[in-house]
Each structure stands twice: as C-alpha cells, then as structure tokens.
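Structure, as structure tokens:
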Amino acid sequence: MTDVMDPARRLLLGACGLIGFFGLWAAISGSGLVAPTFLPGPLDVARRLVFLLTESFAGGTLLVHLWSSLQRFAAGYLLAAAVGVPLGLLMGRFRTLDDIVSPLFDGLRFIAPIAWVPFAALWFGTGFGGPVLIIFSGAFPPCLLNAYRGAKHVDPRYLEAAEMLGTPSGRIITEVLLPASVPSIIAGLRIGAGLGWQSLVGAELIVASTGVGYLMVQAQSAVSTTTVMVGMAAIGFIGVLIDVALRTIEARIHRRLGGA
Amino acid sequence: MPLSRRSAVGVTTLAVVALAWVLLTGVSGLVSPGRFPTPADTWAAGIQAMMRGYGDATLVVHVLQSLKLVALGFLASIAVGVPLGLLMGWSKTAEAVLNPVFMLLRPIPPLAWIPLAILWLGLGDGAKILVIFFAAFVPSVINTQVGVKTIERPVIEAARMLGTPRWRFVREVLVPGASPMIFTGLRLSLQASWTTLVAAELVGALAGLGHMLNLAQQDLYPGMILVGMVCVAIFGALTTALLGAVERRALAWKRTRGGAA
Amino acid sequence: ETLKKINISYQPSLYWALPFYIAAEKGWWKQVGLDPTFVTFPAGAPQVAAAQAGSWDVGGTGSVPAVLGAARFGLVTVGITNDESKTNAMMTRADKVEAIKKDPASLKGQKLLLTTNSTVDYAARNCLAKWGLKAGEMQFVNLGQAQIISAMMANNGDVVGVWAPHTYTLEEKAGAKVLCSGADAGAMVPGALVARPAFAKDNPEEVAKVLAVYVRGWSWAKAHPKEAREMAKRFYAAGGVEASDNAIDQEFALRPTYSLAEENRLMDRAKGASELDGWLSRIGGFMAEVGTIPASPDPKTYVDDSFMKKVAAAPKLKAFATEFDKTN
Amino acid sequence: MSSIRFDAVGKSFGGGVLTLQDINLDVADKEFVAIVGPSGCGKTTCLRMAAGFDFPTSGRVLVGNSEVTKPGPDRAVVFQQFALFPWKTVTENIELGLRNKSVARDERKARVADAVAMIGLGGYENSYPHQLSGGMQQRVAIARAYVLDPQVLLMDEPFGALDAQTRVVMQEELVRLARLNPRTVLFITHGVEEAVYLADRVAIMTRRPGRIKEIVDVKSVRIAERWDSHSRIEDVMDLESFVHLRTHIWKSLREEKAGADH
Amino acid sequence: MSSIRFDAVGKSFGGGVLTLQDINLDVADKEFVAIVGPSGCGKTTCLRMAAGFDFPTSGRVLVGNSEVTKPGPDRAVVFQQFALFPWKTVTENIELGLRNKSVARDERKARVADAVAMIGLGGYENSYPHQLSGGMQQRVAIARAYVLDPQVLLMDEPFGALDAQTRVVMQEELVRLARLNPRTVLFITHGVEEAVYLADRVAIMTRRPGRIKEIVDVKSVRIAERWDSHSRIEDVMDLESFVHLRTHIWKSLREEKAGADH
Ligand SMILES: Nc1ncnc2c1ncn2[C@@H]1O[C@H](COP(=O)(O)OP(=O)(O)OP(=O)(O)O)[C@@H](O)[C@H]1O
Ligand SMILES: Nc1ncnc2c1ncn2[C@@H]1O[C@H](COP(=O)(O)OP(=O)(O)OP(=O)(O)O)[C@@H](O)[C@H]1O
Ligand SMILES: [Mg+2]
Ligand SMILES: [Mg+2]
C-alpha cells in the first residue's frame, strides 16, 4: 500500500475535499435551483451558527443543547461499546453463548431505535434512561457485530497457537481475539458512533426540553432550515472528533503491527 | 450436527423469552399491561393487522411494501458504499480528500434528510429509498475501507508482482481479501435499511411496516407496536439469513473455526 | 409553609400552554403553594406514555391524546384548555380555495397530506362529510406536521391538514389559505387539561390549585391583551418558534378560552352528558372508526369535573382564579 | 507418563479421499520419534491430531493413556508456519505460555531472557514478528515452545527456515535439552540426516494415502556405536553407522517416490 | 537485457541500525546467482529490493539498466512465505499471471495444466491453499512464478518446505528450465549444496550488517569438470570438485558464525 502520508499533505487534501464540498453546496444553493428554505447557503448557516452560539433558541444556546445531547450520547454510546464489544468477543469464542444471544440479537437489531420511543417513554418517562436506551439501541448492534465477526474471522492459526500454550479462555479473548480484531472493532465503534448520533433525534423526542435533536425538530417545524443545518453541522462536528480519535488509535495499532 | 444444535439452542432461547413474556405480563401481571403489551393484546393486534388491516392496509401489504423499499435502499447503498469503501481503503489520497466530507455527513439523522428527500424526489418511493440509502451506505463504506486495509501485505505484493491490472486487482484481490469485512458491512447496511424504514416511511407512506409502527406509536398502541417490531425482526432476520447464504458461498475459501460467522 | 412539588407537562410553543408560562413569569405558583417542574414533549403520544411512567402529574394536551390516554391508561380529563376547532384546518394554495369550495367534488382522488389519527384528521373528515365526500374518496397521506410544510413548499401537496401554529407558517411562507376548519364543519376540537389518575386520586387539592392557576392565566390574558401578546411571543420563541405578530393575533382571535364559570358550565352534567362529554365522545368515535382505539370510551369514565368544581367551591381559590374576570 | 499412541488412525477431510490410513505408532514416554515422508503425505495432520487440533476419522490418538480431545500446554507445538502472534513482541510471544502457567514474574523474565539468548535474538526482544526475517520468526516459534518445558514437544519442520549454521545450533540445543531433561518428542522433518541425528526412532511415511511404511530404530545403533562420544554434529554424520542408516531411509523414501503417481 | 545490479546498496529499517551495508552484486543477463548467509542477514531484503517492494536507503538497484521503482511481472517472485491468494484455488493462483498477460484461454489452460503436473499436484486443481500441506503450498507458489516464464526469477528459499525427494524433482526442473531457456535468477537458499548445484555463482553474505563477503564462481568449475555429463543430482554431489566448493562455502559461512555475537 502507498507509503505513509505526511500530515501536511493529508490536511491539505482534506481541506480540498471540504472546499469542494462547501463549494458545491454554495453553488447549488446560490444558483437558485433550490429554495433557501430547503438548502440555505453555507454562509447563512455559518451566520446562524454564530447567532445560536450566543442567543438562546428552543430553550438554550447551541452549546447548552449540545452539552445535554453529549451527556445522553456519551452514556448510551459508552454503554453500547462497553457491552457490545466484550459480548461480541465472548460470542466469537463461546459457541453456546453465540447460539443463545444470536437469535435475539438478530431480531432485535432490526427494530429502529425510534421505534423504541413509546416503550422508552412508558418505562422511563422523561428520565435519563429513555434516551440512553434509544441511543444504545442504535449504537449497540455495530459494536457487537463487528467485534463478533472480527473474532470469528481471526486466523485459526493464532487460536491454535494460543490453545497450545494453554491460554485460558478469558486471556484468549483479551490477548488474541481482541488484538486480532482491532480493525473490525474500531470500524464497529465508528459506525456505532454515527448510528448513536442518528438515534439522538429519536431519543430527544421524549425528553424534549433540550438537546440538538430537539433543536432540530423544533427548527424543522418552524421552517428554520438554517437552524436545522446548524444542528446537523454540530452533530457532524462532534462525529468528526470521535471518528478522528478512533482512527488515530487504529492507525497507531496498525502501524505497530506493520499492516499493509 | 452443529447446525441443528445451533437451531435447537436458538429455538429454545426464543421459547424461553416468549415464556418469560407470557409469565411476566399475562399470567403473573408483574409487568403491568400499561408498560408492555400482554400476549392477548398482541394477538388481538396481530389478528386486526392481518384480517382487518391497520393503517389503511393489511399486514401483507405492509410487509411487501417494506420489503421493496428495504431491498432497493439496500442495493443502492451497497452499490455506492462498497466501491467508495474500496477507493478510500486503497488510495490514501482518496481517503484524505473524501473522509472529512464523509465524516461530516454521516452522523446526520435520517429524519433530517426527509425535507431534502421530499424536495428532490417528492412523496413517492424514491424519497424513502433515498432516506434509507443515506443511513445504510455508511457501514458498507467503513467496513469495506477497513477490510481493504487488513489484507495481508504479502498477498498484495504477490498480485503486484504478477502485474495484475487495476480492475482485476480490485475484483480479484481487494474485494475477496476484504470480503469478510465487506460482509460485516453489508449486514449492518441491511440492518440500517430496516431500522431507517420507520424514518423513511414518515415521508407520506400509504403502507409499510414503518408506517404501521409510526401510526401505532402515534396511537400509543403497544400491542400493534409489538406486532410491527416482531414483523420487522422476522423479516430482518430472514433477509439476513439470505445474505448469510450468499456470504457462505463467497467465503467458501476461508478457514474459520466453528463455521461461518 | 413548604411548597408542594408537582410536575406539570405541556408541549412547547403551543397556545394553550401559555397560562403555565404566564403563571411562572408572574410567580403565581408560589401563591397557591406549588413548586412546579415543567416537563415538555414535542408530541402527545410520548407525553401520555410518560404519564404512565410517572414522569408528570398534571398537564395539558390535545383532545386526541387525552382520549387515547383515557382509553389506554385511564388518564383523567379535568378541564378544557381552549377551543382549537378553527385552528385545525384543511389548507390549500390561495388561488385554489374558491374553486374547491365551489366544487368540492374536484377533490376526489386527490392526495390529502395530514397527520392521520389526529385532531386535524378529525376536522378534515368532518369537512369532507360536510361537502358530501366520503373519507375514502381522498387519499390520506400520513406526514408529520413539519414534513407537511416541507412537502407543501416543495409543491408536493395541494391539500394539506395542519394545526396552529403551522397554519400561520403555511399562510406566511407558502401562500396557503384555510379551506375548511373544524369549526366550519361543526367539529368541535377542545384541548384538554389532564391528570395522572393516581396523582389525581391522592392529591385533589393540588389538581384544583393547578386548574385555578390555569384559568387565572386566561382571564389575566383577556384583561391585559397587549402584555399577553408580548408574553406569548416570548413563550413561542423560547420553544423555537418565531411567530409573527399576525400569527400571535390570530392565535388570540381564533382560539376561544374559558373562565372558571365557563369551564364548569361546559363540564356540567346536570342535564345528562355535559357539552364536553359530547365533544369528546364524538372524537372518541372518530378514533375508534379509524382504528386507533377499539371502542370510544365513555367520557363519564374519565372526565372528572370535581376538581374544577372544587376551585369554584373554595372561596379563596375561586377569588384567586377569577381575580381578572371582567364580568361576574 | 506422556507417551503418544496412534491406534489404527485413519483420517479423511471430507470427500471420501483418505489422507491417512491405519496409522499405528507408539512414541514412548521420553522417546524422540521423527517422521519423514513425502510432501503432502499427512505428517502435519498426524501432529495436529496429537496436538488436539484435528481428530481422527477412525481409530484413536492417545496421549498418556487418555484420548486427545483438545490442545493443551502439556503438548507444546512448533507450527510449520510459525503462527506467531503478530501483535506481540518477541518477548511477549515467548512469555505468554509462562504467564498461562502463572510462573512468577521474575522467573518468567529470566526464562524468557534465556530463551531469547538461546535463539540468538538478543536485541530483538521488542521487535514485532513482521520486523523479523523468516528464520528469526521460526526461532521465536521454537523458543515459545521450549520455554514451556512441556511433557510432550510436537515440532513440525522446526528448522526448515534456518540456515545450516543456525540449524546446527538449534539441533545441538535440542539434543542438549533432550539429554538434560528428556521429553517425549514428535518431530517432523524433511532432513533425513537431521532425523537420524536427533531421533530415537524414525518413522517413514508413504505417499497418499499416508501410511507408516517402516520404523527405523536409531537409538540402539547410537548406543552401540557410541555416537554420543562425538561432540560435533559433522563428526557423527561421518560415522559409517550413521551414513548407513541415512542411506537406508533415503532409499526407502526414494522407492516411495518411484511408486508415486508422477 | 535483464541483468540485476546492486550498486553500493545500503538499507536500514529506521532506527539507524544498518541492515545491509554496501552491497555490490551484478547478476548478468541469464545468469543464475545464489545467495547464502546466516538467518536474518538481509537476503530477503535484497531480493525484495530487486522485486521493487523495498527500496535502498543508499545506493541503487537496477534491473536491465533502469532503477527499480515498482514490482512487475518481468520479475517473478517466489516468496519465502508463499503469499498465495487464500481465496483462489490452485489453478486460479497459477493462472492469474497468465491472465494478466492476456494469454489466450486455451494456451493458458494448457500451461497451467503443465505447471500443475510439474509440481505433482494433479487432483488438487480446485483446492484452496488452506486445504494443502505446507510443501504443496510452496509448490503452487513456485508454479505461479514459473508459469509466467519471466525474464527475471527471484526465489526466496523456494524449496525450503519440501522433502528431499520433491526438492530434487523441483531442482531438476529448475535446472532443465535454466538450460532450455536461460533466465536471470536470483536464488536464496540455506542449502549450500543446492546453491552449488544450481548456481553459476554463489554470493556469501555476512551476519548483520549484511555485506557480501565473497562470491564463489561455480560455473567455470562446472564447465571445466563437466558436471553436466552426470544426469543425477547425487552423482554430481559426489564429485570431488563439487565437494570442494561446497566445503569452501561451508567454511566461509562457519567463520561468519564464529565471528557472530552469540
Ligand atoms: N483442511 C484440509 N482440508 C482438506 N484437505 C486437507 C486439509 N488439511 C490437509 N489436507 C490434505 O491432507 C494431506 C496431508 O496434509 P499434511 O499437511 O498433513 O501434509 P504434510 O505431510 O505435512 O506435507 P508437507 O511436508 O508438505 O507439509 C494433503 O494432501 C492435504 O491436501
Ligand atoms: N519491516 C522491517 N522492519 C524492521 N526490520 C526489518 C524489517 N524487515 C526486515 N527487517 C530486519 O532486517 C534484517 C534482515 O531481514 P531479512 O528478512 O532480509 O533476512 P534474511 O536474510 O532473509 O533471513 P532469513 O534467512 O531468516 O529469512 C533482520 O534483522 C530483520 O529484523
Ligand atoms: Mg506439513
Ligand atoms: Mg528471508
């Protein structure tokens, strides 16, 4: 594979991508082909962003909304990762556990996070639990599935070597399955972060007084598309930060192992 | 017989869950019917959906409509997601250029795409498929990308040594090499197609399981919600089983322990 | 004297929730010995569900969620918020209104974008009936209110059903006009003050206090129209809705609200079923017809006028509730 | 008691084609048996069955009187294709088995250091496998098995990737260990001389379906001819008795070749 | 013109430690050069630089007068660790290079069939690599390179996993090809005899940092002593001139050993 790219070049290329994207956006919205209520230009959104940073909308400034969303997201997402990854690895190791969990998991994961809203409301009301449940239900499947399949596809040679060395099952999981499936697990965590954010809007249908999702729902019914887009940008931005963090970890491990 | 053992355990698990449900909600009443529907409620809702219909259509119509949307959305997402993932996995330049945009776009909830989808494609199936597509192509991209990166270096070197031209290299080295992870991505894309159905069918659906779930939510009809959820779960699992069969054929070359994942 | 904690729920930026806001601004809650926490919901269904989970005690909601809550969880209706029959309306592009009114049959086979199984669905069905059309003769397309606005602006729907404040949004941003409202079709759409059954049973005094504060809010608003409009604007903005002056004016003009006396009159069962019972049973009938609930619950089982009567019976509370009433 | 016993073992990998047929072989406790045979005849498969990774289609494989059902650290394996953990350094690879046996930290470090010195990889303790040459990786795989000091050592062409010099060092080390602290060893090799030099007995396998054609007793000759009195490997290899045995095995394998299908 | 030229090549893998130092080696067009040297001395690295997978830190590697910048089918490689495509059958693995060269289907099938027969894997055409023994995999890797009929053949211990008999078959095949249709070959081996038997010249490398210590000319002896007149490999190996060369190289390597750090 191509050699490691120096960071400056990487940034430059990334900037090119973003400039191209924003340019296209500005061109489409500026061309008048699309009404500004549907696609405001990037500058409008930027202005609105600055406005929302200081002025309160739907009960708080953007930062206030972002902060409460982040708390819910962090709780749901971390729970999903903390349960999903170990469970996935365990299922990859223990057939029986796999056989027990799989039928449930393979059904439940198809149920939309927002379909849980009524039950989340019935069970948790406006508590913290409801949103966490919904974000969890979005982020959990990729965490589990990627860990599970990563573990399943580990080269059997390594398992045989570990068993030959008398490695107990717990240690096989931490020292063989886990490192061997790191790329897959990180991909799962990245996807999970995206799906978790997506579920946030559903989650904030229950606890509606704060949150970026709530802000977006309110803005949508008020036909304030710029506000909706500020919300998307905010979520996108946090998503980018999480992604960069995860990818950095992955790249570091990858480099250490001299992967392709 | 590993397969029958597997299904035996699976059936047992489902039976235990069903039994727990009956015991908790129906018989003992430990969980009040207000919090979770009883088997009787659910049965009644199921019969209603099947015979009289719910949300202006019978269950069969809902299922068929949803299957169509999921199939088209899923196919669109892999048609875009896998090639994009291959490109981003192989070319550092492409990755550097595309990844920031991709990262920025992908956490956007499907609900937020709805206005644009309506604007571009109206209230027909097209808009719904677009919404599904936006949610479903992400896992394919990421898993494919990572899958390409995990191909062992010697194998890639061997292909280059043999002078493999670009397209053949993609088809015969990158794709099969990344295929275990590509299939992980497809599984998640398929899942995302199903889970986005509820959001997609907010776009003026006349039928569909998502439509049914939306209505049931609006109506606070837990029995019907459960019927919808179970249907989605069943058909999600069935479509996954189909994908699994394709995967088993495609990964026949791979040595794994305890059968295909 | 310690203040009694109570959870009050409403939906933000909706007209009928204004009294809660006014009371908070004016500090009236303390005066009746309550310390409210406000819990808001963007839609009626999760709101009603959250009551089941004990997340709130007393609140306001639409009539459909109120009936739904009654049918599912025994939610108690304890009063009326306002009359929304003029603001649940079928709308269309301004230039088409006359043609359609002249020849309603031209709607046959067309799409009607609305939020199904809701108050506007109820209003629309009554409108169609008034024109001699069957519900099945139009194609009902279910969309959320925000989506309807998007669709209408993208010219994807000619006839839509929305409720306030979306009605004003469409008037102002998409050049739409009301074709037929619930009021036009004789479909009364009240909003409901509701209480969690367990809470109402154990704390009748507190429920009465909330009602007193609520009706006082409306009577104050009637006495101070200008101030009330400004307050409404602030209240809407806090919820993320930037309402125009025109929209605010229309809200006050189109949505009748009730004094303590009127509330008690509408709920009076001296001569059999009360007026409110009648409205709600029609709505319940509609909901049963469209399949939301198996059968319309009898309003006598869930409309409880005792709390409102309690307000009228307690001299201090009555005085508090009616302080700004002009007549009486 | 760590004998290995192949009892009428047959093995086929589905499809009905027989890979191994009626294998009967006893490796006594502390005995060193080498297997030689044409490529693809089933040597690795035999070893994997003794290790507990594959199972016979017919017959039984016993280690110390009980049937092999799963792998374990009592039977250390040096794999034909090394199977080092790519995410572990040289030290970590060698250390894992000791950690599994809960060997105390200090002793562990000492034993790993000894092993690293033995395989001549001082300075590479913290390298990852991909940073090592093929031969270096193989040496790590050997050290990983040796350091366990197991009852049974199963080695699949352990010296295949080593140059002649390094190979001699490792062979001598193996002999030294075998003298010092005899172990039951099953050893697969393509080097007939290596087999004769190291083993007590050499089993010669036939081409597919793999059968044991002949078992050559080396030990009695070694004792009778006092091979041990020679300290250098080349000196032993020059002995007439050695050459005789080597040539015998060589010929036996050659016949195998002649009777083959190509 | 497919000579290979190492021109004052130095190589270090980061960290400043020198792996290869001042390597100067010319492999003339159609010449067969073998490299021997202690494990880890940098043989594979040299070969990888000629193949275009690694690049010198200093100096240059030229193939046919132009600097190597990338791999290509003019330089077929047999990798030390096979590097077969796990998802391709034996036939598909061998066939890929021919398809890349747009060889017509019929000819391709014929050449692949020949190659499969040559490596003695008839009957395994549709097996996947994980279904083959180590030696069988190595033979597929050899066939994959041979079948390309490349100008330059780079082979990294290609016979390492083969038993003596199969190895002889493959060696003889290699010699036959070399006679029939001479190619430029760079060949890494641990077998000194193999090197002397096959190569025109044998380059001996030192322990780290790898340098070329000595280049032994075999070809002139082979011609002078008419090794070609003997058809069997063992006969050649018994010749005095052969033994002499072999012992010389052996000793040279042994010194290397003695001067080593362990
Ligand atoms: N997983 C498998 N599936 C199908 N066939 C297999 C499998 N593993 C091994 N075989 C077959 O079994 C036979 C013996 O293989 P084995 O690896 O034991 O040979 P070997 O004697 O070790 O050869 P080598 O010296 O080349 O390593 C081979 O013909 C091989 O094709
Ligand atoms: N990617 C790498 N990173 C760091 N060091 C490396 C890397 N590749 C090889 N080396 C080092 O370079 C040296 C030479 O390696 P090389 O594989 O060329 O040896 P070799 O002569 O082929 O040995 P063998 O006979 O054991 O295969 C070794 O010391 C090895 O540790
Ligand atoms: Mg083998
Ligand atoms: Mg090497």
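For clarity, every value in this text was computed on a predicted model and none was experimentally measured.
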Among D/Ala161, D/Gly40, D/Gly123, D/Gly135, the residue with the most heavy-atom pairs under 4.5 Å to chain E is D/Ala161
Scored by heavy-atom pairs under 4.5 Å with chain E, the best of D/Leu162, D/Val17, D/Thr45 is D/Leu162
By a 4.5 Å heavy-atom criterion (distance strictly below it), what part of E/Gln137 contacts chain D: side chain, backbone, both, or neither?
side chain
Portion of E/Ser133 that has a non-hydrogen atom of chain D nearer than 4.5 angstrom
side chain
E/His130 atom NE2: more than 12 heavy-atom contacts under 6.0 Å:
yes
For [X] and [Y], work out which heavy atoms get closest and say how close.
{"X": "D/Gln80", "Y": "E/Gly134", "value": "NE2-CA, 3.7 Å"}
{"X": "E/Asp163", "Y": "D/Gly37", "value": "CB-O, 3.7 Å"}
{"X": "D/Arg139", "Y": "E/Ser39", "value": "NH2-OG, 2.7 Å"}

Just verifying a value: how many Å separate D/His190 NE2 and E/Phe159 CZ, rounded to the nearest 0.5 Å?
13.5 Å
Taking atom OG1 of D/Thr166 and atom CG of E/Leu253, what is their separation to the nearest 0.5 Å?
9.5 Å
